[in-house]
2 protein chains.
Amino acid sequence: MSESNDRLRDVFRAAGRRLTPQRRLILEVLEESDEHLDAEALHDQAKIHDPDISLATVYRTLAVLKEMGLVEEHHLGEDHSHYEAVRDGPHYHFTCLGCGKVIEFDTPLIAQVKQELSEREGVRVIGAHLHLSGYCAQCQAKKAGGQGSNEE
Amino acid sequence: MSESNDRLRDVFRAAGRRLTPQRRLILEVLEESDEHLDAEALHDQAKIHDPDISLATVYRTLAVLKEMGLVEEHHLGEDHSHYEAVRDGPHYHFTCLGCGKVIEFDTPLIAQVKQELSEREGVRVIGAHLHLSGYCAQCQAKKAGGQGSNEE
DNA sequence: TTGCTAATGCAAATCATTCTCAATAAGAAG
DNA sequence: CTTCTTATTGAGAATGATTTGCATTAGCAA
Ligand SMILES: [Mn+2]
Ligand SMILES: [Mn+2]
Ligand SMILES: [Zn+2]
Ligand SMILES: [Zn+2]
């Protein structure tokens with residue numbers, strides 16, 4: 001029982017950082033969530049497991065996790081940020097202007113764009129955020145049909 | 001000389017809004033700038049021509065112009081928004097993480113992505129923001145020269 | 001176990017953006 | 001041109017998100 005069986009701790013050590021219960025918790029909440037949480041929602045979730053965790057720690061941890069490449073920040077139309085744990089392949093987002101729903105999708109075309117730009121401009125592309133917006137199928141139907149509920 | 005020779009005023013009237021000197025000025029500043037200005041920089045520019053224009057009016061006008069499709073808002077890595085006048089064709093952005101330089105580019109591939117997604121998900125895509133980040137040619141050179149960082 | 005110091009909780013501070021409200025002025029009507 | 005309605009403005013307070021200072025705690029290397 002003396003082996004370092006803790007991958008996450010190793011990752012933090014490699015980055016010269018300490019792994020605290022709060023950090024582990026925040027990352028867990030993000031990894032288990034299928035939504036794009038904002039800081040406050042994340043804080044609420046985390047408080048279920050650690051009622052004393054502070055919002056400041058949430059923000060500080062998000063910054064750390066982002067720096068370590070474990071978490072991504074998104075600006076999805078709202079005035080504040082949303083976060084999600086980084087998964088295997090990249091993916092992109094569509095936000096419905098009517099109901100706020102977010103659809104995730106992937107496409108090899110973005111890799112092509114990166115390639116094109118790298119060659120054309122001599123840049124090295126690290127990150128790619130594609131954010132489409134418009135109206136989802138349901139919201140289109142709602143609009144076309146008649147009039148009724150208006151949410152924002 | 002009695003013709004309504006004022007296109008912009010017509011656009012505003014058609015939108016049921018009033019064209020004020022402040023609004024005209026703000027749009028002019030944006031159209032004449034080749035940068036992606038934030039609200040404060042825009043305010044500073046505008047104050048050169050109208051020292052009394054308020055920051056609140058800048059924000060309010062940006063909202064109006066955005067709604068009218070004359071201006072676009074961008075989140076370019078910074079924690080605040082940047083704005084630019086909408087031009088003919090769409091274009092996308094690359095930000096250098098080293099020096100902050102923004103490179104604009106276009107590619108037909110994004111239209112393909114929009115098409116793909118529309119068909120696959122039945123959504124109607126209105127807007128598309130692609131934001132790449134990484135290091136520009138100069139910043140790569142700077143990095144390679146100084147330290148022993150070796151990659152790819 | 002000890003010691004150094006990174007990380008935390010709390011509250012105050014900052015920063016960007018929005019709102020309130022009285023005064024002003026755009027533009028339609030006459 | 002004058003009048004009238006009310007959208008728009010400037011100033012500053014208010015808000016909401018994120019950050020920071022500081023005293024205390026606790027991770028982890030030795
Ligand atoms: Mn996602
Ligand atoms: Mn641009
Ligand atoms: Zn919808
Ligand atoms: Zn650069």
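Values below: all heavy atoms of this structure, side chains included; hydrogens, waters and symmetry mates excluded. Labels below follow one simple rule: chain letters A, B, ... track the order of the sequence lines, proteins then strands, and each chain is numbered from 1.
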Subject >> Segment of DNA chain D, first to last nucleotide, that comes within the 4.0 Å heavy-atom reach of chain A >> reply: dA17(D) to dA29(D)

Original post:
Which pair of heavy atoms, one from Arg120(A) and one from Asp106(B), lies closest together, and at what distance?
Top reply: NH1-O, 3.7 Å

**OP:** Take Leu19(B) and Asp38(B), find for each the nucleotide of DNA chain C with the closest heavy atom, and name the residue whose nucleotide sits nearer the 5' end.
**Re:** Asp38(B)

Original post:
Just the endpoints, please: which first and last nucleotides of DNA chain C, 5' to 3', lie under 4.0 Å from a heavy atom of chain B?
Top reply: dA16(C) to dA28(C)

**OP:** Taking only heavy atoms on the protein side, list every residue of residues 42-63 of chain A lying under 4.0 Å from any atom of DNA chain C, sorted numerically.
**Re:** Asp52(A), Ile53(A), Ser54(A), Ala56(A), Thr57(A), Arg60(A)

**OP:** Calculate, to the nearest 0.5 Å, the distance between atoms OG1 and CG belonging to Thr61(A) and Leu25(A) respectively.
**Re:** 9.5 Å

Original post:
Between Glu84(A) and His91(A), does any side-chain donor sit less than 3.5 Å from a side-chain acceptor?
Top reply: yes

**OP:** State, to the nearest 10°, the angle formed by the axis through the first five base pairs of the helix from dT1(C)-dA30(D) to dG30(C)-dC1(D) and the axis through its last five.
**Re:** 50°

Original post:
Hey, what's the ring geometry for His75(A) with His75(B), parallel, tilted or perpendicular (30° and 60° as the breaks)?
Top reply: parallel

**OP:** Quick one: closest heavy-atom pair of Leu76(A) and Val102(A), and the distance?
**Re:** CD1-CG2, 4.1 Å

**OP:** Go through residues 64-82 of chain B and report each residue with a non-hydrogen atom lying under 4.0 Å from DNA chain C, sorted by number.
**Re:** His80(B), Ser81(B)

Original post:
In terms of heavy-atom contacts, does CD of Glu121(A) have more than 12 from other residues, nucleotides or ligands at under 6.0 Å?
Top reply: yes

Enumerate donor-acceptor pairs with a distance under 3.5 Å from any side-chain N or O in residues 125-135 of chain B to protein atoms, sequence neighbours excluded.
from, atom 1, to, atom 2, distance (Å)
His129(B), ND1, His74(B), ND1, 3.4
His131(B), NE2, Thr95(B), OG1, 2.7

**OP:** Using a 4.5 Å cut-off on heavy atoms from C-beta on, say whether the side chain of Glu116(A) contacts that of Thr107(B).
**Re:** yes

